[in-house]
Amino acid sequence: MSDLSGRLRYRLLTGTDDADFCRRISEALADGYRLYGSPAMTFDGERVVVAQAVVFDDGDPSRVVPA
(Lines give C-alpha, C1' and ligand atoms only; values in the text may rest on other atoms or scores of the structure.)
Protein backbone atom coordinates (compact mmCIF):
# COMPACT_ATOMS: atom_id res chain seq x y z
CA MET A 1 0.00 0.00 0.00
CA SER A 2 1.02 3.58 -0.50
CA ASP A 3 0.35 6.76 1.42
CA LEU A 4 -2.53 7.74 -0.89
CA SER A 5 -5.26 7.36 1.72
CA GLY A 6 -4.42 3.66 1.94
CA ARG A 7 -5.03 3.15 -1.77
CA LEU A 8 -2.75 1.58 -4.28
CA ARG A 9 -1.89 3.95 -7.10
CA TYR A 10 -2.39 1.22 -9.75
CA ARG A 11 -4.62 -1.84 -9.70
CA LEU A 12 -5.34 -4.50 -12.30
CA LEU A 13 -8.76 -5.97 -11.66
CA THR A 14 -9.40 -9.38 -13.20
CA GLY A 15 -12.20 -11.89 -13.15
CA THR A 16 -14.98 -13.62 -14.98
CA ASP A 17 -17.01 -11.29 -17.21
CA ASP A 18 -20.10 -11.07 -15.03
CA ALA A 19 -22.10 -8.65 -12.89
CA ASP A 20 -19.70 -9.11 -9.95
CA PHE A 21 -16.73 -7.96 -12.04
CA CYS A 22 -18.70 -4.93 -13.28
CA ARG A 23 -19.63 -4.14 -9.67
CA ARG A 24 -15.94 -4.25 -8.65
CA ILE A 25 -15.04 -1.81 -11.43
CA SER A 26 -17.93 0.47 -10.45
CA GLU A 27 -16.78 0.43 -6.81
CA ALA A 28 -13.22 1.34 -7.82
CA LEU A 29 -14.54 4.27 -9.87
CA ALA A 30 -16.69 5.41 -6.93
CA ASP A 31 -13.57 5.23 -4.70
CA GLY A 32 -11.74 7.72 -6.90
CA TYR A 33 -9.96 5.44 -9.36
CA ARG A 34 -10.17 6.05 -13.10
CA LEU A 35 -9.93 3.60 -15.97
CA TYR A 36 -6.45 3.22 -17.43
CA GLY A 37 -6.30 1.84 -20.94
CA SER A 38 -8.67 -0.56 -22.60
CA PRO A 39 -10.02 -3.73 -21.02
CA ALA A 40 -8.54 -7.07 -22.06
CA MET A 41 -10.59 -10.20 -22.63
CA THR A 42 -9.77 -13.85 -23.20
CA PHE A 43 -11.61 -17.15 -23.23
CA ASP A 44 -10.21 -19.89 -20.99
CA GLY A 45 -12.18 -22.70 -22.61
CA GLU A 46 -15.12 -22.32 -20.25
CA ARG A 47 -15.73 -18.64 -19.64
CA VAL A 48 -14.71 -15.13 -20.69
CA VAL A 49 -12.08 -13.64 -18.37
CA VAL A 50 -11.54 -9.88 -18.32
CA ALA A 51 -8.96 -7.45 -16.97
CA GLN A 52 -9.14 -3.69 -16.48
CA ALA A 53 -6.42 -1.44 -15.12
CA VAL A 54 -7.42 1.46 -12.87
CA VAL A 55 -5.28 4.25 -11.42
CA PHE A 56 -5.76 6.55 -8.46
CA ASP A 57 -4.84 10.21 -8.82
CA ASP A 58 -4.51 12.08 -5.55
CA GLY A 59 -4.49 15.47 -7.30
CA ASP A 60 -0.79 16.17 -6.68
CA PRO A 61 0.59 16.99 -10.17
CA SER A 62 4.18 16.43 -9.02
CA ARG A 63 3.35 12.73 -8.60
CA VAL A 64 1.75 12.26 -12.01
CA VAL A 65 3.99 10.57 -14.56
CA PRO A 66 2.84 10.91 -18.18
CA ALA A 67 2.18 7.65 -19.96
Requested in this report: Quick one: which residue pairs count as a salt bridge (Lys or Arg N to Asp or Glu O under 4.0 Å) with a foot in residues 12-23, not counting sequence neighbours?
Outcome: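 Pairs touching residues 12-23 that pass the test: none.
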What are the two closest heavy atoms between [X] and [Y], and how far apart are they?
X: Thr14; Y: Ala51; value: CG2-CB, 3.7 Å
X: Asp57; Y: Arg9; value: OD1-NH2, 3.9 Å
X: Ala28; Y: Leu13; value: CB-CD1, 4.2 Å

Query - Ion pair check, Arg7 and Asp31, cut-off under 4.0 Å - result: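 Judged by the 4.0 Å cut-off on N to carboxylate O distance, Arg7 and Asp31 do not form a salt bridge.
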Query raised in the report: For Asp44, what residues pass the salt bridge (Lys or Arg N to Asp or Glu O under 4.0 Å) criterion, not counting sequence neighbours?
Result: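 Only Arg47 meet the salt bridge (Lys or Arg N to Asp or Glu O under 4.0 Å) criterion with Asp44.
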**Report entry** Shared hydrophobic cluster, Phe43 / Met41 (ILVMFWY, side-chain heavy atoms < 4.5 Å)
**Finding:**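 In one cluster with Phe43: Met41, yes.
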Report task. To the nearest 0.5 angstrom, please state how far the SG atom of Cys22 sits from the CD atom of Glu27. Result ->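 It comes to 11.5 Å.
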Requested in this report: Evaluate side-chain contact (heavy atoms from CB on, under 4.5 Å) for Ile25 paired with Leu35, printing each intermediate quantity in order.
Outcome: CA-CA 9 Å; Ile25 294 293; Leu35 300 177; 4.1 Å; yes
Query raised in the report: Do Arg11's NZ or CZ and the ring of Tyr33 fall within the cation-pi criteria of under 6.0 Å and 45°?
Result: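 Yes, Arg11 sits over the ring of Tyr33.
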Query raised in the report: With a 4.5 Å limit on heavy-atom distance, are the side chains of Tyr10 and Val55 in contact?
Result: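 In contact.
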Query raised in the report: Which residues pass the ring pair (Phe, Tyr, Trp, His ring centres under 6.0 Å) test with Phe21, sequence neighbours left out?
Result: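 Once residues adjacent in sequence are excluded, Phe21 has no partner under the ring pair (Phe, Tyr, Trp, His ring centres under 6.0 Å) criterion.
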